[in-house]
> 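Below are the C-alpha coordinates for one structure; questions will follow.
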Amino acid sequence: MPELPEVEVVARQLREVLVGQVAGAVHVHHPDVFQPQAKLNRRSLRGTSCVGVRRRSKLLILDFSSDLVVTVHLRMTGHLWISPSAEVRPAHTHVCLELQRGRELRFRDPRRFGRVGLLPAENLADDSYIRRLGPEPFDLTVDDLANRLAARTGTIKGTLLDQSVVAGLGNIYVDEILHRVGVHPEQVANRLLSREIEALSSAMVDVLTEAIAVGGSSIRDYLGLSQEPGSFQDRHRVFGRSGLPCRQCGQAIAKRKVAGRGTHFCPFCQRLRRRKPRPRRSVTVRGTL
DNA sequence: TCTAACCTGATC
DNA sequence: GATCAGGTTAGA
(Lines give C-alpha, C1' and ligand atoms only; values in the text may rest on other atoms or scores of the structure.)
Protein backbone atom coordinates (compact mmCIF):
# COMPACT_ATOMS: atom_id res chain seq x y z
CA MET A 1 0.00 0.00 0.00
CA PRO A 2 2.38 2.65 1.03
CA GLU A 3 5.15 4.40 -0.78
CA LEU A 4 7.40 7.16 0.51
CA PRO A 5 4.67 9.80 1.06
CA GLU A 6 2.36 7.47 2.96
CA VAL A 7 5.19 6.20 5.14
CA GLU A 8 6.34 9.77 5.80
CA VAL A 9 2.82 10.75 6.87
CA VAL A 10 2.66 7.79 9.26
CA ALA A 11 6.13 8.62 10.61
CA ARG A 12 5.07 12.19 11.42
CA GLN A 13 1.88 11.03 13.09
CA LEU A 14 3.71 8.37 15.09
CA ARG A 15 6.27 10.92 16.23
CA GLU A 16 3.48 13.01 17.76
CA VAL A 17 1.97 10.20 19.78
CA LEU A 18 4.87 7.87 20.47
CA VAL A 19 7.84 9.98 21.51
CA GLY A 20 8.11 9.96 25.29
CA GLN A 21 5.97 6.84 25.64
CA VAL A 22 7.38 3.98 27.69
CA ALA A 23 7.12 0.59 26.02
CA GLY A 24 6.01 -2.66 27.57
CA ALA A 25 6.14 -6.12 26.08
CA VAL A 26 5.56 -7.00 22.46
CA HIS A 27 2.70 -9.40 21.77
CA VAL A 28 3.18 -11.51 18.69
CA HIS A 29 0.22 -13.20 17.07
CA HIS A 30 1.96 -14.37 13.96
CA PRO A 31 5.59 -15.44 14.39
CA ASP A 32 6.68 -14.76 10.80
CA VAL A 33 5.93 -11.06 11.11
CA PHE A 34 8.05 -10.18 14.15
CA GLN A 35 11.77 -10.60 13.53
CA PRO A 36 13.98 -9.62 16.47
CA GLN A 37 17.72 -9.92 15.97
CA ALA A 38 19.64 -12.56 17.89
CA LYS A 39 19.50 -12.21 21.67
CA LEU A 40 16.56 -9.83 21.50
CA ASN A 41 13.01 -10.88 22.25
CA ARG A 42 9.54 -9.57 22.89
CA ARG A 43 10.55 -8.31 26.32
CA SER A 44 13.71 -6.43 25.28
CA LEU A 45 11.98 -3.04 24.96
CA ARG A 46 10.21 -3.19 28.32
CA GLY A 47 10.65 0.00 30.35
CA THR A 48 12.49 1.92 27.66
CA SER A 49 10.99 5.01 26.09
CA CYS A 50 10.56 6.03 22.50
CA VAL A 51 12.90 8.89 21.70
CA GLY A 52 12.22 9.41 18.00
CA VAL A 53 10.57 8.19 14.83
CA ARG A 54 12.34 8.24 11.48
CA ARG A 55 11.74 7.10 7.94
CA ARG A 56 14.26 5.72 5.48
CA SER A 57 12.71 4.99 2.11
CA LYS A 58 9.57 2.99 2.94
CA LEU A 59 10.89 1.78 6.29
CA LEU A 60 9.70 3.24 9.60
CA ILE A 61 12.32 3.37 12.34
CA LEU A 62 11.29 3.85 15.97
CA ASP A 63 14.19 4.78 18.24
CA PHE A 64 14.18 3.73 21.87
CA SER A 65 16.20 4.99 24.83
CA SER A 66 17.85 1.58 25.14
CA ASP A 67 19.54 2.18 21.76
CA LEU A 68 17.27 -0.41 20.28
CA VAL A 69 15.17 0.33 17.22
CA VAL A 70 11.91 -1.11 16.04
CA THR A 71 11.60 -1.19 12.25
CA VAL A 72 8.29 -1.50 10.46
CA HIS A 73 7.85 -2.17 6.76
CA LEU A 74 4.19 -1.97 5.71
CA ARG A 75 4.79 -3.53 2.26
CA MET A 76 1.43 -3.78 0.47
CA THR A 77 -1.28 -3.93 3.11
CA GLY A 78 0.37 -3.19 6.44
CA HIS A 79 -1.29 -0.71 8.79
CA LEU A 80 -0.33 0.78 12.16
CA TRP A 81 -2.60 2.36 14.71
CA ILE A 82 -2.88 3.02 18.42
CA SER A 83 -5.63 1.20 20.22
CA PRO A 84 -6.81 0.49 23.76
CA SER A 85 -5.29 -2.88 24.66
CA ALA A 86 -8.70 -4.07 25.79
CA GLU A 87 -10.22 -3.54 22.36
CA VAL A 88 -10.84 -6.70 20.32
CA ARG A 89 -8.03 -7.26 17.83
CA PRO A 90 -9.24 -7.14 14.24
CA ALA A 91 -8.34 -10.16 12.10
CA HIS A 92 -4.73 -10.13 10.82
CA THR A 93 -3.41 -8.08 13.75
CA HIS A 94 0.00 -9.72 14.06
CA VAL A 95 2.09 -7.58 16.41
CA CYS A 96 1.16 -5.28 19.33
CA LEU A 97 3.55 -3.15 21.37
CA GLU A 98 2.29 -2.27 24.85
CA LEU A 99 2.35 1.41 25.69
CA GLN A 100 1.30 3.35 28.77
CA ARG A 101 -2.24 3.97 29.99
CA GLY A 102 -3.69 0.74 28.66
CA ARG A 103 -2.89 1.41 25.03
CA GLU A 104 -0.81 -0.36 22.44
CA LEU A 105 0.65 0.19 19.00
CA ARG A 106 -0.87 -2.40 16.68
CA PHE A 107 0.30 -3.76 13.35
CA ARG A 108 -2.21 -5.41 11.06
CA ASP A 109 -1.43 -6.86 7.64
CA PRO A 110 -3.84 -9.20 5.82
CA ARG A 111 -1.28 -10.28 3.23
CA ARG A 112 1.44 -10.73 5.82
CA PHE A 113 4.16 -9.29 3.56
CA GLY A 114 4.99 -6.62 6.13
CA ARG A 115 7.64 -7.01 8.81
CA VAL A 116 8.35 -5.67 12.28
CA GLY A 117 11.99 -5.86 13.30
CA LEU A 118 13.85 -5.25 16.56
CA LEU A 119 17.58 -4.61 16.56
CA PRO A 120 20.35 -2.51 18.11
CA ALA A 121 20.53 0.92 16.45
CA GLU A 122 24.18 0.29 15.65
CA ASN A 123 23.20 -2.65 13.43
CA LEU A 124 20.75 -0.64 11.37
CA ALA A 125 23.28 0.22 8.68
CA ASP A 126 23.92 -3.48 8.11
CA ASP A 127 20.25 -4.26 7.63
CA SER A 128 19.90 -6.00 4.27
CA TYR A 129 17.07 -3.72 3.14
CA ILE A 130 18.75 -0.48 4.18
CA ARG A 131 22.12 -1.49 2.79
CA ARG A 132 20.72 -1.79 -0.72
CA LEU A 133 18.91 1.56 -0.76
CA GLY A 134 19.90 4.40 -3.05
CA PRO A 135 19.56 8.04 -1.99
CA GLU A 136 16.29 9.61 -0.90
CA PRO A 137 14.70 11.52 -3.80
CA PHE A 138 15.11 14.76 -1.83
CA ASP A 139 18.89 14.25 -1.63
CA LEU A 140 19.38 13.22 -5.22
CA THR A 141 21.15 15.75 -7.42
CA VAL A 142 20.52 15.95 -11.16
CA ASP A 143 24.08 14.78 -11.85
CA ASP A 144 23.75 11.80 -9.56
CA LEU A 145 20.45 10.85 -11.15
CA ALA A 146 21.96 11.19 -14.62
CA ASN A 147 24.87 8.94 -13.65
CA ARG A 148 22.58 6.33 -12.20
CA LEU A 149 20.36 6.29 -15.28
CA ALA A 150 23.33 6.12 -17.62
CA ALA A 151 24.12 2.60 -16.41
CA ARG A 152 20.59 1.33 -16.95
CA THR A 153 19.35 -0.44 -20.04
CA GLY A 154 15.89 -1.40 -18.75
CA THR A 155 12.73 0.69 -18.89
CA ILE A 156 12.62 3.95 -16.95
CA LYS A 157 9.62 2.57 -15.08
CA GLY A 158 11.50 -0.47 -13.83
CA THR A 159 14.57 1.60 -13.10
CA LEU A 160 12.73 4.09 -10.90
CA LEU A 161 11.04 1.24 -9.04
CA ASP A 162 14.48 -0.17 -8.23
CA GLN A 163 15.14 1.02 -4.68
CA SER A 164 18.90 0.95 -5.21
CA VAL A 165 18.57 3.69 -7.85
CA VAL A 166 16.30 6.01 -5.85
CA ALA A 167 14.72 5.01 -2.56
CA GLY A 168 11.03 5.31 -1.79
CA LEU A 169 9.24 5.45 -5.13
CA GLY A 170 6.61 2.83 -5.90
CA ASN A 171 4.07 2.07 -8.58
CA ILE A 172 1.78 5.07 -8.03
CA TYR A 173 4.41 7.76 -7.81
CA VAL A 174 6.57 6.51 -10.67
CA ASP A 175 3.52 6.67 -12.97
CA GLU A 176 2.59 10.13 -11.72
CA ILE A 177 6.13 11.47 -12.01
CA LEU A 178 6.65 10.10 -15.53
CA HIS A 179 3.42 11.71 -16.71
CA ARG A 180 4.50 15.06 -15.32
CA VAL A 181 7.73 14.95 -17.28
CA GLY A 182 6.16 13.54 -20.44
CA VAL A 183 8.33 10.43 -20.52
CA HIS A 184 6.92 7.08 -21.66
CA PRO A 185 7.27 4.39 -18.97
CA GLU A 186 8.88 2.01 -21.47
CA GLN A 187 11.52 4.51 -22.51
CA VAL A 188 14.96 2.96 -22.02
CA ALA A 189 16.45 4.59 -18.91
CA ASN A 190 19.80 5.52 -20.39
CA ARG A 191 18.12 7.14 -23.37
CA LEU A 192 16.48 9.97 -21.47
CA LEU A 193 17.48 13.42 -22.70
CA SER A 194 19.25 15.68 -20.24
CA ARG A 195 16.31 18.06 -20.12
CA GLU A 196 14.11 15.07 -19.25
CA ILE A 197 16.45 14.05 -16.45
CA GLU A 198 16.38 17.57 -15.06
CA ALA A 199 12.59 17.62 -15.22
CA LEU A 200 12.45 14.17 -13.64
CA SER A 201 14.66 15.27 -10.80
CA SER A 202 12.43 18.17 -9.83
CA ALA A 203 9.15 16.37 -10.56
CA MET A 204 10.12 13.68 -8.05
CA VAL A 205 10.48 16.22 -5.30
CA ASP A 206 7.36 18.15 -6.34
CA VAL A 207 5.05 15.15 -6.57
CA LEU A 208 6.26 13.58 -3.33
CA THR A 209 6.08 16.88 -1.45
CA GLU A 210 2.54 17.53 -2.67
CA ALA A 211 1.46 14.02 -1.78
CA ILE A 212 2.88 14.25 1.74
CA ALA A 213 1.11 17.58 2.25
CA VAL A 214 -2.30 16.01 1.59
CA GLY A 215 -1.75 12.81 3.55
CA GLY A 216 -0.63 10.51 0.72
CA SER A 217 -2.74 8.42 -1.67
CA SER A 218 -5.48 6.09 -0.47
CA ILE A 219 -6.43 3.67 -3.21
CA ARG A 220 -7.79 0.73 -1.33
CA ASP A 221 -6.01 -0.05 1.89
CA TYR A 222 -3.93 2.84 3.03
CA LEU A 223 -5.06 4.75 6.11
CA GLY A 224 -3.10 7.00 8.42
CA LEU A 225 -2.60 6.40 12.12
CA SER A 226 -6.12 7.50 13.01
CA GLN A 227 -7.68 5.56 10.12
CA GLU A 228 -7.93 8.72 8.01
CA PRO A 229 -7.33 8.39 4.28
CA GLY A 230 -5.06 10.67 2.27
CA SER A 231 -6.40 12.61 -0.67
CA PHE A 232 -3.60 12.67 -3.23
CA GLN A 233 -5.52 10.06 -5.28
CA ASP A 234 -7.91 12.89 -6.20
CA ARG A 235 -4.99 14.66 -7.83
CA HIS A 236 -3.63 11.65 -9.70
CA ARG A 237 -3.14 12.41 -13.37
CA VAL A 238 -2.75 8.81 -14.52
CA PHE A 239 -2.71 6.25 -11.72
CA GLY A 240 -6.09 4.54 -11.44
CA ARG A 241 -7.45 6.64 -14.34
CA SER A 242 -7.20 4.24 -17.28
CA GLY A 243 -9.83 5.06 -19.90
CA LEU A 244 -10.42 8.51 -18.42
CA PRO A 245 -9.32 11.64 -20.28
CA CYS A 246 -5.81 12.94 -19.69
CA ARG A 247 -6.07 16.14 -17.68
CA GLN A 248 -3.53 17.69 -20.03
CA CYS A 249 -4.66 16.65 -23.53
CA GLY A 250 -7.98 14.84 -23.18
CA GLN A 251 -6.75 11.54 -24.67
CA ALA A 252 -7.72 8.37 -22.84
CA ILE A 253 -5.20 7.22 -20.25
CA ALA A 254 -3.77 3.81 -21.17
CA LYS A 255 -2.83 0.95 -18.88
CA ARG A 256 -0.45 -1.87 -19.63
CA LYS A 257 2.02 -4.03 -17.81
CA VAL A 258 5.53 -2.60 -17.63
CA ALA A 259 8.27 -4.02 -15.41
CA GLY A 260 5.69 -6.48 -14.15
CA ARG A 261 3.42 -3.76 -12.77
CA GLY A 262 0.17 -2.21 -13.93
CA THR A 263 1.32 1.00 -15.54
CA HIS A 264 -0.76 4.08 -16.37
CA PHE A 265 0.27 6.70 -18.91
CA CYS A 266 -1.01 9.08 -21.56
CA PRO A 267 -0.09 7.76 -25.02
CA PHE A 268 -0.16 11.29 -26.37
CA CYS A 269 1.73 13.24 -23.67
CA GLN A 270 4.23 10.42 -23.10
CA ARG A 271 5.58 9.37 -26.48
CA LEU A 272 8.03 6.53 -26.78
CA ARG A 273 11.19 7.36 -28.72
CA ARG A 274 12.19 4.14 -30.39
CA ARG A 275 15.93 3.46 -30.42
CA LYS A 276 18.06 5.82 -32.45
CA PRO A 277 16.46 7.67 -35.33
CA ARG A 278 16.75 5.27 -38.23
CA PRO A 279 19.82 6.14 -40.35
CA ARG A 280 18.34 7.55 -43.50
CA ARG A 281 18.97 5.38 -46.50
CA SER A 282 21.94 6.80 -48.30
CA VAL A 283 20.85 8.78 -51.31
CA THR A 284 24.29 8.98 -52.84
CA VAL A 285 24.86 6.08 -55.10
CA ARG A 286 28.36 4.82 -54.85
CA GLY A 287 30.27 4.08 -57.97
CA THR A 288 27.86 5.53 -60.41
CA LEU A 289 27.44 9.13 -61.39
C1' DT B 1 17.34 -7.61 -15.92
C1' DC B 2 13.19 -10.13 -15.59
C1' DT B 3 9.89 -13.50 -13.27
C1' DA B 4 7.85 -15.94 -9.86
C1' DA B 5 6.88 -16.25 -5.33
C1' DC B 6 5.35 -14.64 -0.94
C1' DC B 7 -0.22 -13.98 1.06
C1' DT B 8 -5.23 -12.57 1.43
C1' DG B 9 -9.14 -10.19 -0.24
C1' DA B 10 -11.67 -7.55 -3.67
C1' DT B 11 -13.49 -7.48 -8.13
C1' DC B 12 -14.56 -9.12 -12.67
C1' DG C 1 -12.99 -19.32 -11.10
C1' DA C 2 -9.51 -16.16 -12.69
C1' DT C 3 -7.18 -11.93 -12.17
C1' DC C 4 -5.44 -8.11 -9.86
C1' DA C 5 -3.41 -5.37 -5.91
C1' DG C 6 0.37 0.59 -3.48
C1' DG C 7 6.52 -4.22 -2.26
C1' DT C 8 10.53 -6.95 -2.09
C1' DT C 9 13.58 -10.66 -3.19
C1' DA C 10 15.61 -15.12 -4.64
C1' DG C 11 16.69 -17.26 -8.55
C1' DA C 12 16.86 -17.79 -13.60
Side-chain angles (χ1 to χ4, degrees), chain A residues 1-11 29-35 55-60 71-80 90-95 107-117 127-134 137 148-179 185-191 207-208 211-212 214-224 229-243 255-265:
Chain A
M1 87 162 97
E3 303 179 28
L4 186 154
E6 291 75 33
V7 178
E8 176 63 25
V9 168
V10 173
H29 307 285
H30 196 107
D32 293 354
V33 178
F34 182 60
Q35 301 185 327
R55 174 193 63 74
R56 169 71 169 114
S57 189
K58 301 169 190 169
L59 189 72
L60 286 161
T71 58
V72 181
H73 201 306
L74 303 167
R75 293 282 186 103
M76 298 280 266
T77 50
H79 178 225
L80 284 171
H92 311 295
T93 304
H94 306 305
V95 180
F107 176 73
R108 180 181 118 92
D109 183 8
R111 292 178 78 174
R112 239 185 296 134
F113 289 169
R115 290 291 176 267
V116 177
D127 178 86
S128 63
Y129 175 77
I130 289 191
R131 227 179 10 186
R132 284 194 268 259
L133 293 175
R148 287 164 182 273
L149 296 186
R152 293 302 189 122
T153 57
T155 62
I156 186 66
K157 166 94 188 211
T159 303
L160 293 178
L161 285 174
D162 185 334
Q163 303 294 297
S164 70
V165 175
V166 204
L169 302 182
N171 207 29
I172 295 178
Y173 293 99
V174 168
D175 283 4
E176 290 299 315
I177 290 165
L178 288 177
H179 180 266
E186 287 174 307
Q187 189 67 53
V188 173
N190 66 9
R191 289 221 141 86
V207 170
L208 297 173
I212 292 168
V214 298
S217 301
S218 293
I219 302 296
R220 70 169 53 79
D221 293 312
Y222 170 75
L223 294 171
S231 69
F232 194 69
Q233 67 281 3
D234 301 338
R235 305 192 192 189
H236 286 178
R237 299 190 187 181
V238 287
F239 194 91
R241 298 192 68 246
S242 59
K255 182 176 180 185
R256 80 167 67 136
K257 192 163 270 199
V258 180
R261 316 294 303 276
T263 297
H264 313 70
F265 64 101

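Note on naming: letters A, B, ... go to the chains in the order of the sequence lines (proteins, then strands), and numbering restarts at 1 for each one.
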> Would you please classify the geometry between the A:His73 ring and the A:Tyr129 ring as parallel, tilted or perpendicular, with 30° and 60° separating the classes?
perpendicular
> Rounding to an integer number of Å, can you tell me how far A:His79 NE2 sits from B:dT8 C1'?
17 Å
> Just the rounded figure in Å: distance from C1' of C:dG7 to CG of A:Leu161.
9 Å
> Just by modelled atom types, is the A:Gly224 backbone N or O under 3.5 Å from a matching donor or acceptor in the A:His79 side chain?
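Yes, A:His79 side chain to A:Gly224 backbone: donor-acceptor pair under 3.5 Å.
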> Identify whether any heavy atom of A:Gly154 sits under 4.0 Å from a base atom; if not, whether one sits that close to sugar-phosphate; answer base, sugar-phosphate or nothing.
sugar-phosphate
> Let's see if you can work this out: which of B:dC7, B:dT1, C:dT8 has an atom nearest to the side-chain heavy atoms of A:Arg152?
B:dT1
> Over how many whole Å does the gap from A:Arg75 atom CZ to B:dC6 atom P extend?
14 Å
> Name the closest nucleotide to the A:His92 side chain, picking from B:dT1, B:dT8, C:dG7.
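In terms of side-chain proximity for A:His92, the closest of B:dT1, B:dT8, C:dG7 is B:dT8.
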> Base, sugar-phosphate, or nothing: which does A:Gly114 touch, judged by heavy atoms less than 4.0 Å apart?
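Since no nucleic acid heavy atom lies under 4.0 Å of A:Gly114, the category is nothing.
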> Applying side chain to side chain donor-acceptor pair (under 3.5 Å) to A:Tyr222 and A:Glu3, what does each step give before you reach the verdict?
CA-CA 10 Å; A:Tyr222 170 75; A:Glu3 303 179 28; over 6 Å; no
> Counting side-chain heavy atoms from C-beta on, which of C:dT8, B:dT1, C:dA5 comes nearest to A:Met76?
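Of C:dT8, B:dT1, C:dA5, C:dA5 is nearest to the side chain of A:Met76.
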> I need the NZ-P distance between A:Lys58 and C:dT9, as an integer number of Å.
10 Å
> For A:Arg132, answer base if it contacts any base atom (sugar-phosphate contacts may also be present), sugar-phosphate if it contacts only those atoms, and nothing otherwise; contact means non-hydrogen atoms under 4.0 Å.
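If one applies the 4.0 Å heavy-atom cut-off, A:Arg132 turns out to touch the sugar-phosphate alone, with no base involved.
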> Any donor-acceptor pair under 3.5 Å between the side chain of A:Arg112 and the base of B:dC7?
no
> Side-chain N or O of A:Gln163 less than 4.0 angstrom from OP1 or OP2 on C:dG7?
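No, no such contact exists.
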> Could you report the tightest heavy-atom contact between A:Pro185 and A:Leu178, atom names first, then the distance?
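Closest approach of A:Pro185 to A:Leu178, heavy atoms only: CA-CD1, 3.8 Å.
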> In whole Å, I'd like the distance from the CZ atom of A:Arg131 to the P atom of C:dT9.
10 Å
> Taking atom NE2 of A:His30 and atom OG1 of A:Thr93, what is their separation to the nearest 0.5 Å?
13.0 Å
> Within the structure, does a side-chain N or O atom of A:Thr77 lie under 4.0 Å from either OP1 or OP2 of C:dA5?
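A:Thr77 to C:dA5 OP1/OP2: no side-chain N or O under 4.0 Å.
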> Separation of A:Gln35 atom CD from C:dT9 atom P, in whole Å?
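Rounding to the nearest Å, CD of A:Gln35 and P of C:dT9 are 11 Å apart.
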> Can you check whether A:Phe113 stacks with the B:dC6 base, using ring centres under 5.5 Å and planes within 30°?
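According to the criterion (under 5.5 Å, under 30°), yes, A:Phe113 stacks.
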> Take atom P in C:dG11 and the same atom in B:dC7, then report the distance between them in whole Å.
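That atom pair is separated by 15 Å.
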> Using a heavy-atom cut-off of 4.0 Å across all strands, would you classify A:Thr153 as base, sugar-phosphate, or nothing?
sugar-phosphate
> Mind checking the OG-CZ spacing from A:Ser242 to A:Arg256? Nearest 0.5 Å is all I need.
12.5 Å
> What about A:Arg261, does its side chain sit under 3.5 Å from the base of C:dA5 through a donor-acceptor pair?
no
> Rounded to whole Å, please give me the gap between NZ in A:Lys255 and C1' in C:dA5.
9 Å
> Just checking A:Tyr173: base, sugar-phosphate only, or nothing, at a heavy-atom cut-off of under 4.0 Å?
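No contact at all - A:Tyr173 keeps every heavy atom at 4.0 Å or more from the nucleic acid.
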> Counting Watson-Crick and G-U wobble pairs only, both distances under 3.5 Å, name the nucleotide matched with B:dC7, or none.
none
> How long is the line joining NZ of A:Lys257 and C1' of C:dA5, in whole Å?
10 Å
> Taking the side chain of A:Tyr129 as heavy atoms from C-beta outward, which of C:dT8, B:dT1, C:dG7 is closest to it?
C:dT8
